[in-house]
Every structure is written in structure tokens, then in C-alpha cells.
Amino acid sequence: MGTGLSHFRGIVAESFRNEGRAEGRAEDILRILTVRGVSVPDEARQRVTACTDLAVLDVWFERAITAPTADAVFDES
């Protein structure tokens, strides 16, 4: 006899997985900048860690590889 909650559990589990992916990607961005010797002000660090949009974090990750400053990671131009 099922409880009918399997779909709900799936949604919750996916939400936790996405949250974990976002946290991991944010950590990756900050690590890249740190290893490259790029100063990361608290405001930039908070912006990265607060972001939950994986698509945005992916863009920032790619920019972090070559960005001369933390602000350049967020540059929209």
C-alpha cells in the first residue's frame, strides 16, 4: 500500500540536489578567484553565495577563470 508521497519526495529531493549544485558551483567560483590571486570583497562573496540560479552561476564560473577582478565576474557587457 503506497502513501502517494513519492512524487512529493521526488520534488523535494530534486530541490535539495539543485541547492547543493548551486552551493558547490558558488564555492568553485570563489576558489578559482582565490587560487588566481583575485581579491574577493565580502560584497562579491555574498553575491556569489546567495545566488541559486545555476545558469547564472555557470556564466560566473566561466568568467572567474579569466576575470582580472571579482567585479569583472559580474560584468554584463
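For the residue pair Ile65 and Arg36, the shortest heavy atom distance occurs at O-NE, 3.1 Å. Summarising the geometry of Ala67 relative to Val73, their closest heavy-atom pair is CB-CG2, 3.7 Å, with the distance given to 0.1 Å. Contact record, Ala64 with Ile32: O-CG2, 3.4 Å, taken as the closest heavy-atom pair. Across Pro41 and Ala70, no two heavy atoms sit closer than the pair CD-CB, 3.9 Å. Minimum interatomic distance between Asp53 and Ala55 (heavy atoms only, all atoms of both residues): OD1-N, 2.9 Å. Counting all heavy atoms, side chain and backbone alike, Cys51 lies closest to Val56 at SG-CG1, 3.9 Å.
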Handout entry: Evaluation steps, side-chain contact (heavy atoms from CB on, under 4.5 Å), between Ile29 and Leu33
Key = CA-CA 6 Å; Ile29 292 165; Leu33 293 170; 4.2 Å; yes

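Between the side chain of Arg63 and the backbone N or O of Ala72 there is no donor-acceptor pair closer than 3.5 Å.
Side-chain contact between Asp28 and Arg25 is present, with heavy atoms from C-beta onward closer than 4.5 Å.
The CD atom of Glu43 sits 8.0 Å away from the CG atom of Asp71 when rounded to the nearest 0.5 Å.
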